Amino acid sequence: MLRKAFRWFGIAICQISAPELLALALNVAAFILYGSFVQNFYLWAIVMICDILVLCAHGAWLDAGGHTYGPWRAPTPHIVRLVAFAVLFILASEHRQDSILSTYVWYVVVVSAICHAFYSILLTMHLSDQTWLEGTHGRVGVPNWISITRMALSVLVPHLYAVQPFGKASSLIATCTLVAAIITDAADGYIARHFNQTTKAGKALDPLGDKVIFYPTAIAFLLATKGTVFLPAGPMRVMFYVCLGTMVLRDFAFIVWFFVNYDRLGAVGVSASIVDKIRMGAMCAWLGSSAIALTFADLQSRLAIAGFVSIIIVAALSIVSIIVDYGRIKPLIAEPKAGRHAEHHDSAGK
């Protein structure tokens, strides 16, 4: 998969479109003007990652036989980013790089870049496999847009906690944003089922969205608490990190499996199991307790215990989900091998 990504990136560089070239130039210019400000480097890095993903989608689209005017030529994200970067450059010339307005504009750039990247990736995947967006007739669809927007907003949460751009209100804003992201996690699935827009892409975005919500916020929480996670030094804190490591290993294994075997998924894809949903509920409980603890100092000691219990439950469910999910996905891996084995016997008989 990594080799394919490099090939797609090379194809895109050789046949890059003018709008994406302009977006890259603006992003590099923003780094030159804002690179000395640590709080903006995180946001700039997110935009750069999205630009690289769009370029890879560009190359994959061309590699799959798509026409020259691919999804990267959608005008809206480029127009939004062009206007936003123009405002940033004006603020830079007036030496107001750390103003609240600058933060708002950076957030617009990040959200639009993330949405643009997912838009390009989903349409490109559908080009090579018509089942990815089958329920929405080749369009991203409202449920998937809700998932993408939720992830885009979740990426902003660590910046709000770590930098505190809006003063004392920053933690409260971050907590509200996180709660909204968690609530919409159930809304997109309901809308997809209600309007018959269930797609394989949506089933892939759902677990990915959970991780995008969880890990940036978890990292911000660790940084904000300087690694203490509001727990006393000793066995409890060690157990917390053991549980966190178990979660990371489980999710890393899932991501590796997906990229290795995504082309073997059936037309309906693989949805989250009941264990995965309970696990996500426990993750949300930890996120909620952590976010409130950062917002209200008086509750930190009590919420630290609640978060500790939640993280143990998540780790235990992570181990269970590996066993359950392996049983669910094993037929998807074994089926192509069985098919090739049958073909070998048929050819031998002939």
Side-chain angles (χ1 to χ4, degrees), residues 5 8-9 12-13 16-61 70-93 96-124 140 145 147-163 165-166 174 177 181 205 208-209 211-213 215-217 219-220 223:
W8 294 336
F9 188 80
I13 291 296
I16 193 168
S17 59
E20 189 54 38
L21 181 62
L22 178 60
L24 277 172
L26 290 173
N27 203 29
V28 172
F31 174 74
I32 295 173
L33 291 174
Y34 289 87
S36 60
F37 292 86
V38 177
Q39 63 268 30
N40 290 322
F41 179 80
Y42 166 77
L43 301 176
W44 175 88
I46 295 297
V47 177
M48 179 58 73
I49 291 172
C50 291
D51 284 339
I52 293 174
L53 291 175
V54 170
L55 282 173
C56 290
H58 181 153
W61 176 278
W72 59 89
R73 292 295 296 272
T76 303
H78 290 299
I79 292 174
V80 171
R81 293 172 68 181
L82 177 62
V83 173
F85 276 124
V87 175
L88 286 177
F89 297 153
I90 293 173
L91 293 175
S93 65
R96 295 164 54 192
Q97 300 178 8
D98 56 347
S99 66
I100 293 179
L101 178 60
S102 175
T103 301
Y104 277 123
V105 177
W106 267 112
Y107 287 175
V108 171
V109 172
V110 171
V111 171
S112 62
I114 292 174
C115 291
H116 187 199
F118 275 103
Y119 172 77
S120 301
I121 290 171
L122 290 182
L123 292 189
T124 301
V140 175
W145 274 124
S147 299
I148 294 170
T149 305
R150 180 178 73 250
M151 287 187 280
L153 292 176
S154 300
V155 168
L156 304 179
V157 171
H159 188 266
L160 286 164
Y161 278 134
V163 179
F166 306 113
T177 303
L205 285 174
L208 177 62
K211 294 164 184 57
V212 172
I213 290 173
Y215 282 105
T217 306
I219 293 172
L223 294 175

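Side chains included, hydrogens not; waters and symmetry mates left out as well; all remaining heavy atoms used. Just so we're clear, the structure is a prediction, and the values are computed from it rather than from any experiment.
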Does anything in residues 74-90 pair up under salt bridge (charged side-chain N to carboxylate O under 4.0 Å, His left out), and if so which pairs, sequence neighbours excluded?
D51-R81

Would Y104 and F166 satisfy side chain to side chain contact (heavy atoms under 4.5 Å, CB included), going step by step from the backbone distance to the final call?
CA-CA 10 Å; Y104 277 123; F166 306 113; 3.9 Å; yes

Is it the case that the side chain of W44 and the backbone of N27 share a donor-acceptor pair, with hydrogens and angles ignored and the cut-off at 3.5 Å?
yes

For A57 and T124 the tightest heavy-atom approach is O-OG1, 3.4 Å

Do V111 and W106 come within less than 4.5 Å of each other through their side chains, counting heavy atoms only?
no

Identify the heavy atoms of T217 and P158 that sit nearest to each other, and give their distance.
N-CG, 4.0 Å

Using the side chain to side chain contact (heavy atoms under 4.5 Å, CB included) rule, take Y161 and I219 through it: C-alpha gap first, then chi angles, then the decisive distance, then the call.
CA-CA 10 Å; Y161 278 134; I219 293 172; over 6 Å; no

Tabulate below the donor-acceptor pairs under 3.5 Å that side-chain atoms of residues 112-123 make, not counting sequence neighbours, or state none.
unit_1: S112; atom_1: OG; unit_2: V108; atom_2: O; d: 2.9
unit_1: S112; atom_1: OG; unit_2: V109; atom_2: O; d: 2.9
unit_1: S120; atom_1: OG; unit_2: H116; atom_2: O; d: 3.0

Check salt bridge (charged side-chain N to carboxylate O under 4.0 Å, His left out) between R150 and all other residues, then give those that pass, not counting sequence neighbours.
D185, D188

T103 side, atom OG1; L160 side, atom CG - distance, nearest 0.5 Å
9.0 Å

Restricting to pairs with a member in residues 100-109, which pass salt bridge (charged side-chain N to carboxylate O under 4.0 Å, His left out), not counting sequence neighbours?
none

Exercise answer: donor-acceptor pairs, residues 84-92 side-chain atoms, under 3.5 Å, sequence neighbours excluded:
none

Taking only residues at least two apart or on different chains, which pairs with a member in residues 21-31 satisfy salt bridge (charged side-chain N to carboxylate O under 4.0 Å, His left out)?
none

Working note: L156 + T177, criterion side chain to side chain contact (heavy atoms under 4.5 Å, CB included); need CA distance, chi angles, decisive distance, verdict.
CA-CA 9 Å; L156 304 179; T177 303; 5.8 Å; no

How many angstroms lie between CD1 in I79 and CG in L82, if you round to the nearest 0.5 Å?
8.0 Å

Can you measure from CG (L205) to OG (S147) and round to the nearest 0.5 angstrom?
5.5 Å

Taking all non-hydrogen atoms of both residues into account, name the closest pair between Y107 and L43 and its distance.
CE2-CD1, 4.0 Å

